[in-house]
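Below is one structure; the comments refer to it alone.
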There are 4 protein chains.
Amino acid sequence: MVPSDTVTRILDAAEVLFAEHGFSETSLRRITGRAEVNLAAVNYHFGSKQALIQAVFFRYLDPFSADLHQRLDALEADETGACDLEGLLDTLFTSVLEMPSEGHDLRTFMKLLGLAYSQAQRHLRDELRNRYGDIFSRFLKLLRRATRELADDERFWRLHFMLGSVIFTLSGLNTLRDIAEHDYHQRITIRELAQRLKPVALNALRAPVTEVASNAMTAQHADQVTCYPRTGTHS
Amino acid sequence: MVPSDTVTRILDAAEVLFAEHGFSETSLRRITGRAEVNLAAVNYHFGSKQALIQAVFFRYLDPFSADLHQRLDALEADETGACDLEGLLDTLFTSVLEMPSEGHDLRTFMKLLGLAYSQAQRHLRDELRNRYGDIFSRFLKLLRRATRELADDERFWRLHFMLGSVIFTLSGLNTLRDIAEHDYHQRITIRELAQRLKPVALNALRAPVTEVASNAMTAQHADQVTCYPRTGTHS
Amino acid sequence: MVPSDTVTRILDAAEVLFAEHGFSETSLRRITGRAEVNLAAVNYHFGSKQALIQAVFFRYLDPFSADLHQRLDALEADETGACDLEGLLDTLFTSVLEMPSEGHDLRTFMKLLGLAYSQAQRHLRDELRNRYGDIFSRFLKLLRRATRELADDERFWRLHFMLGSVIFTLSGLNTLRDIAEHDYHQRITIRELAQRLKPVALNALRAPVTEVASNAMTAQHADQVTCYPRTGTHS
Amino acid sequence: MVPSDTVTRILDAAEVLFAEHGFSETSLRRITGRAEVNLAAVNYHFGSKQALIQAVFFRYLDPFSADLHQRLDALEADETGACDLEGLLDTLFTSVLEMPSEGHDLRTFMKLLGLAYSQAQRHLRDELRNRYGDIFSRFLKLLRRATRELADDERFWRLHFMLGSVIFTLSGLNTLRDIAEHDYHQRITIRELAQRLKPVALNALRAPVTEVASNAMTAQHADQVTCYPRTGTHS
DNA sequence: CATGAATGAGGCTTCATTCAT
DNA sequence: TATGAATGAAGCCTCATTCAT
């Protein structure tokens with residue numbers, strides 16, 4: 001039941017090295033070397049390098065997924081909050097930031113997430129979609145309630161714009177932070193970054209919808225798009 | 001001067017394969033195989049795999065950089081436009097989208113850009129910063145004029161939020177487009193995506209600035225943060 | 001005394017897998033996997049992989065050896081039959097075919113026997129010769145009585161010709177049967193194959209002996225080849 | 001065109017080691033060690049271990065196949081000989097024995113052939129059948145003319161009985177020869193063995209056909225089987 | 001200018017076995 | 001009696017690179 005010391009040590013080493021150098025660029029030898037563990041132990045405990053990569057993600061995302069589920073339960077219990085975009089984003093941010101993360105680093109993990117998307121790890125993306133599709137769908141459904149004015153496809157793309165912002169900045173945080181520190185003499189924390197991101201994300205999601213000249217556009221969509229009194233932001 | 005056929009064929013093959021499988025995951029054998037070129041040709045013409053990777057980027061970014069310079073010249077000539085955020089973004093988008101790109105695919109290149117950021121290609125990032133620092137600085141300066149209300153550091157982060165949106169969505173475009181097509185029966189083009197992105201980016205950059213509770217923040221600073229028309233940080 | 005369930009399960013699994021994939025190509029992992037038994041159980045119960053291989057043979061050959069001994073007892077008791085080649089072969093065939101073989105398959109075992117001869121399993125051949133030398137010698141002695149016209153060395157080689165026929169066809173039975181079924185629409189059983197083999201073996205053992213042109217052979221000897229009733233070597 | 005020295009050295013080493021220890025039991029390291037060649041050379045020149053195994057066979061069988069084709073041409077040109085079983089077998093034996101075999105050993109190759117049949121080398125058997133199916137079919141057709149009295153299926157099985165005799169005795173020749181030498185003080189050559197085998201094979205093919213009580217037996221087959229004037233040998 | 005051959009290093013995986021429990 | 005964990009050795013294969021031609 002309890003993961004053996006060896007398993008934990010391998011996961012710890014892999015997490016850091018993967019984040020730092022990428023998956024392909026990190027050899028099992030290096031991982032087991034850092035973990036001070038026999039090379040064959042990886043295959044014994046995980047079966048393959050691919051499985052190890054997935055295990056690194058699961059160890060992080062499983063608790064997160066559970067935590068976010070709980071928070072969404074609470075959010076749904078509160079009738080008024082259910083449709084509030086800001087509240088929804090707050091919930092998400094809180095869940096991400098408050099993860100116990102014994103020893104893990106959010107930054108490290110975000111780099112991994114960035115890698116997962118950009119590197120050719122089809123197996124990983126499939127597995128993540130498979131394993132965390134539920135929580136993602138649930139969040140998406142709430143987001144829909146909170147952004148009724150958006151067409152489904154529009155919301156889809158905006159959500160991924162935001163996802164890109166998060167993953168890109170967090171996964172490249174080390175580099176970016178160095179630049180920022182050098183240019184603006186300010187060392188930012190992840191929490192501060194989240195605070196900066198929130199209003200941006202809010203405003204982005206609430207941006208007015210421009211008519212997109214699509215091939216497949218239906219009349220209804222077109223209607224929804226134009227009549228669209230937005231609040232808050234301004235041109 | 002004129003790149004030999006061999007060189008071009010190698011670059012073409014490398015561009016596609018790198019984008020599809022990542023740098024480390026693409027062997028020279030595969031590249032030369034696709035290019036129908038001798039294995040040793042890569043080292044002969046480029047010297048090393050790293051140099052080939054850089055060459056792929058240079059071939060794309062050099063013309064783009066020149067093109068954007070020209071467009072910014074025109075923009076600066078027009079006094080009124082110089083401070084218009086929308087105009088600036090339009091210029092950028094146009095330059096990106098109108099790149100002659102003989103045979104190249106914008107999507108392909110964006111995937112490469114995503115890889116360059118997430119993968120452990122220190123040498124590449126350094127070289128890109130070195131070679132295209134000028135055009136980036138120039139754009140940043142204009143952006144600054146167009147967003148005077150933003151503190152420098154705030155602008156810095158928001159710019160990277162936007163960069164993340166672009167790179168993430170474009171580099172993962174194939175996947176995302178498939179999902180969108182499946183769920184919303186709508187096959188999007190890059191141009192349409194740009195159209196969707198523009199209002200979002202605009203609104204994101206113009207989002208109100210929230211107080212950031214920094215560790216090193218002094219009380220005065222905290223006050224300044226809430227009032228909207230920016231003061232605070234310094235030029 | 002009674003082999004534990006674990007032991008039996010291992011032997012069963014090993015028998016099938018060895019026959020199907022060869023000794024070296026079958027890992028203990030696979031065997032214990034199929035047997036649903038702990039990996040270490042093989043080394044615990046048998047000591048080593050080699051010992052397991054031998055045990056598989058012993059389990060089959062020990063009862064067979066005992067059975068054949070009994071049948072030869074009966075044959076020897078009958079004075080007339082002792083010198084009848086057909087009777088001797090019948091006895092052998094019967095013993096082979098009537099083996100109780102609880103759960104074992106004659107075909108499976110013949111494949112193992114083929115492997116034992118062709119694969120580099122010195123230890124195994126030595127052990128088999130050691131353990132079953134007696135019954136083999138006894139059979140050979142009877143065969144000698146039944147084929148007095150053959151020189152010892154001639155008999156030796158012919159016996160192995162026959163052995164080759166048996167082992168080769170039975171060990172490759174699956175494949176050959178498939179071909180035969182495809183080409184001649186006839187699915188043969190092991191018993192039918194034995195029936196086909198018997199006259200062939202009989203006739204083969206009784207073939208006229210040709211003069212063997214040894215290195216030092218003179219021209220005259222060569223002439224002798226055509227004349228039928230054998231002369232030449234002898235015991 | 002001319003196989004490089006490296007290629008030949010690898011093939012030579014592989015041939016001997018495979019024959020001596022089997023395919024799985026012979027590592028590429030050992031082969032390249034014996035051939036005094038870089039380990040990676042095998043993969044460079046052959047692509048994989050499997051391909052190397054096949055190449056070993058091709059090097060031997062390609063010339064043999066060509067030679068046998070020629071001899072069969074000659075045999076068919078001679079009208080009278082075309083239907084003579086003894087002549088046909090002589091042709092085959094001659095072709096096998098007279099193979100130039102620069103440096104190769106027939107015995108070595110026969111061991112390989114034995115391995116090919118008994119070991120789990122599906123890929124090899126398929127490739128052999130594919131590549132040498134023609135010459136085999138041609139021989140079979142001639143054999144059919146020479147053994148008109150045999151039903152097709154009967155001939156099929158008897159042919160494989162003979163094949164088993166050949167492969168088994170030749171592939172185990174070293175061992176058997178040692179025994180024979182010890183027991184009968186006679187060191188046999190391959191040619192002598194062939195001479196011993198010939199009359200046995202002839203008589204085996206000409207053995208009287210016994211009625212086989214098959215499930216699927218048709219009336220015609222039954223007829224063919226019984227009416228069967230045999231010559232020569234007898235029970 | 002180009003290439004076929006070759007190479008040393010290192011990749012992941014699997015193996016049979018051992019040992020503490 | 002049985003087992004989960006661990007291990008050193010070795011397996012095959014692929015890599016980027018070099019070099020003589």
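Computed from a predicted structure; not experimentally measured.
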- Item | Who pairs with F:dA16 - Watson-Crick or G-U, where each distance is under 3.5 Å | E:dT7

- Task: Between B:Leu39 and C:Ala40, just flag the one whose closest nucleotide in DNA chain E comes earlier from the 5' side.
- Result: B:Leu39

- Task: Please evaluate the base of E:dA6 for a donor-acceptor partner in the side chain of D:Tyr44 within a cut-off of under 3.5 Å?
- Result: no

- Item | Min side-chain heavy-atom separation C:Glu15-C:Arg59 under 4.5 Å | yes

- Side chains of A:Thr108 and A:Phe18: does their closest heavy-atom pair fall under 4.5 Å? no

- Query: Which comes earlier along DNA chain F counting from the 5' end, the contact point of D:Ser48 or that of B:Val42, where each point is its nearest nucleotide?
  - Reply: D:Ser48

- Between C:Ser27 and E:dT14, does any side-chain N or O lie under 4.0 Å from OP1 or OP2? no

- Query: Does one side chain, of D:Asp62 or D:Tyr132, offer a donor that lies under 3.5 Å from an acceptor on the other?
  - Reply: yes

- Message: Taking 4.0 Å as the cut-off, does a side-chain nitrogen or oxygen of C:His45 come that near to OP1 or OP2 on F:dT1?
- Response: no

- Message: I want to check one thing: is the phosphate of E:dA16, taken as OP1 and OP2, less than 4.0 Å away from some side-chain N or O of C:Asn43?
- Response: no

- So does C:Arg29 get a side-chain nitrogen or oxygen closer than 4.0 Å to the phosphate oxygens (OP1/OP2) of E:dA16? no

- Whole-Å distance between F:dA16 P and B:Phe23 CZ? 14 Å

- In whole angstroms, how far is the C1' atom of F:dG11 from the NE2 atom of D:His21? 17 Å

- Message: Judged by each residue's nearest nucleotide on DNA chain E, which is more toward the 5′ side, B:Val37 or C:Thr26?
- Response: B:Val37

- Length of the line joining B:Ile53:CD1 and F:dC15:P, which is rounded to integer Å: 14 Å

- Query: Is there side-chain contact between B:Val56 and B:Phe109, with heavy atoms separated by less than 4.5 Å?
  - Reply: no

- For F:dA10, give its Watson-Crick or G-U wobble partner with both distances under 3.5 Å, or none. E:dT13

- Message: Rounding to an integer number of Å, can you tell me how far A:Glu36 CD sits from F:dT7 P?
- Response: 12 Å

- Task: Look at the side-chain N and O atoms of B:Asn38 and state whether any lies under 4.0 Å from the OP1 or OP2 oxygen of E:dA2.
- Result: no

- Task: Could you check how far CG of A:Leu28 sits from P of E:dG10, rounded to whole Å?
- Result: 15 Å

- Just how far, in rounded Å, is P of F:dC12 from CD of D:Gln50? 12 Å

- Task: Using a cut-off of strictly less than 4.0 Å, decide whether A:Thr6 has a side-chain nitrogen or oxygen near OP1 or OP2 of F:dA6.
- Result: yes

- Item | Separation of F:dC15 C1' from A:Glu25 CD (nearest whole Å) | 14 Å

- Message: So which atom in C:Gly114 and which in C:Ser171 form the shortest heavy-atom distance, rounded to 0.1 Å?
- Response: CA-CB, 4.4 Å

- Task: Kindly indicate whether the side chain of A:Leu11, heavy atoms from C-beta on, has any atom under 4.5 Å from the side chain of A:Phe46.
- Result: yes

- Query: For the pair made of CZ in B:Phe46 and P in F:dT17, what is the distance, rounded to whole Å?
  - Reply: 13 Å

- Could you tell me which nucleotide pairs with F:dT21 by Watson-Crick or G-U wobble geometry, both distances under 3.5 Å, or answer none if nothing does? E:dA2

